Amino acid sequence: PFNWRKVLEHEFAHVMALQLSEFRVPRWYTEAMSTFIENDSRIQTDRMMIDAIAKGRLKNIDTMNEYFRSNPLMAYVHGRYVIEYIDKNFGFGAHIKALALFAKGKKLNEALSEATGKGIEELNAGQLEFLKASFDKVRLRPSYDQASLVQLELAAKKENATAQEIANLAIAQLGLRRVDRAVELAKQALEKDARCVDAINALGAIAYDKKDYEGARQHYLQSTAIDPQRSF
């Protein structure tokens, strides 16, 4: 069914931000505020965020509006964490104060610095650290473009390649549904290091996809015994 509550929460937050700032608030800020108030749990495991963190494509607070030129949804998704970071570290009153400062004609950097007592550089560092910590235990792998795949291939083919470097390529191949190649690489990684968790995880995921549930269970137990936080 259509979720009218979500729509109303979104619109309420949007109107609140616009009115308190007398329509002088940055666009990303209003959309992020709306998403934060909706408390959309889907965002916790959003694929775009996993990719952006892995590939270093996150914007700073003072450049968040640039998302609207390439991927507007990132303004909502990333912005939500900026709003939450400020709320948890400085209180929601900091947002109210910032909106009032926008109404007085203050620019983003000035408004947030005055509202929080921190410079924009410190706020940027803080929100990035907060964001990465939020996703630290989300067990999703980034998607790989061709350039990333080439880098993984080169690392895995080195004469002194580590088990982890080979396992990284195995996981990328698995993501591309090249299962036979993924199995081959995972086994190579385990020959170098029998405790390579990601190689075990790859084989476990493959077993599960093939409905070999006992094989998947054995890999899960093995992986968990080595590092419970990284098991698949």
Side-chain angles (χ1 to χ4, degrees), residues 35 40-59 66-81 128 131-232:
T35 308
D40 186 350
S41 61
R42 178 191 65 83
I43 290 172
Q44 301 293 340
T45 54
D46 197 287
R47 169 61 66 186
M48 288 189 305
M49 290 301 296
I50 299 294
D51 285 349
I53 292 169
K55 297 173 183 176
R57 293 177 180 170
L58 295 169
K59 303 291 185 186
E66 292 179 7
Y67 282 132
F68 290 106
R69 299 175 187 170
S70 54
N71 187 355
L73 193 54
M74 278 293 290
Y76 295 74
V77 179
H78 181 187
R80 171 228 192 265
Y81 287 95
L128 286 173
L131 176 62
K132 291 175 181 178
S134 298
F135 278 83
D136 186 51
K137 293 184 180 179
V138 177
R139 303 310 302 159
L140 286 178
R141 291 283 177 174
S143 57
Y144 296 97
D145 54 27
Q146 189 57 38
S148 300
L149 194 59
V150 168
Q151 289 180 340
L152 292 176
E153 289 270 9
L154 291 173
K157 288 180 178 178
K158 292 185 305 184
E159 186 175 346
N160 60 342
T162 65
Q164 186 61 54
E165 287 171 325
I166 298 170
N168 289 341
L169 181 58
I171 291 168
Q173 295 292 338
L174 181 57
L176 295 169
R177 309 312 301 165
R178 299 170 183 167
V179 177
D180 291 344
R181 179 65 172 146
V183 170
E184 177 188 348
L185 288 163
K187 288 180 177 179
Q188 284 181 22
L190 290 172
E191 287 175 3
K192 290 208 165 201
D193 180 4
R195 293 173 59 84
C196 181
V197 171
D198 282 334
I200 298 168
N201 287 345
L203 293 176
I206 291 166
Y208 187 87
D209 285 345
K210 291 182 175 180
K211 295 185 170 53
D212 176 10
Y213 299 128
E214 179 56 27
R217 189 178 76 88
Q218 291 300 326
H219 283 100
Y220 172 78
L221 292 174
Q222 185 182 2
S223 176
T224 302
I226 297 169
D227 189 344
Q229 297 300 319
R230 295 178 60 208
S231 182
F232 70 101

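The residues of the chain are indexed from 1 along the displayed sequence. Everything numeric here is computed off the predicted structure, so don't read it as measured data.
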Over all heavy atoms of both residues, which pair between Leu174 and Ala205 is shortest? Give the atoms and the distance, please.
CD2-CB, 4.1 Å

Here the ring pair (Phe, Tyr, Trp, His ring centres under 6.0 Å) pairs for residues 195-218, sequence neighbours left out, are Tyr208-Tyr213

Side-chain heavy-atom pair Thr35, Val77 within 4.5 angstrom cut-off:
no

Note: Ile200 and Ala194 closest approach over all heavy atoms is CD1-O, 3.9 Å

Could you check whether any side-chain heavy atom of Leu152 comes within less than 4.5 Å of a side-chain heavy atom of Gln173, counting everything from C-beta outward?
no

Please name all residues satisfying side chain to side chain donor-acceptor pair (under 3.5 Å) with Glu191, sequence neighbours left out, ordered by chain then number.
none

Of the non-hydrogen atoms in Ala161 and Lys192, which two are nearest, and what is the gap between them?
O-NZ, 2.6 Å

Tell me whether Lys158 at atom NZ has more than 12 heavy atoms from other residues, nucleotides or ligands lying less than 6.0 Å away.
yes

In this structure, which one of Arg57, Lys59, His78 forms a side-chain hydrogen bond (donor to acceptor under 3.5 Å, both in side chains) with Tyr67?
His78

Measure the shortest side-chain to side-chain distance between Glu66 and Met74 over non-hydrogen atoms and say whether it is less than 4.5 angstrom.
no

Ala199 and Ala186: which non-hydrogen atoms are nearest, and at how many Å?
CB-O, 3.6 Å

How far apart are the closest heavy atoms of Leu185 and Ile166, and which atoms are they?
O-CG2, 3.2 Å

With side-chain contact (heavy atoms from CB on, under 4.5 Å) as the criterion, how do Leu149 and Leu176 come out once you've worked through the C-alpha distance, each side chain's angles and the decisive distance to 0.1 Å?
CA-CA 10 Å; Leu149 194 59; Leu176 295 169; 3.6 Å; yes

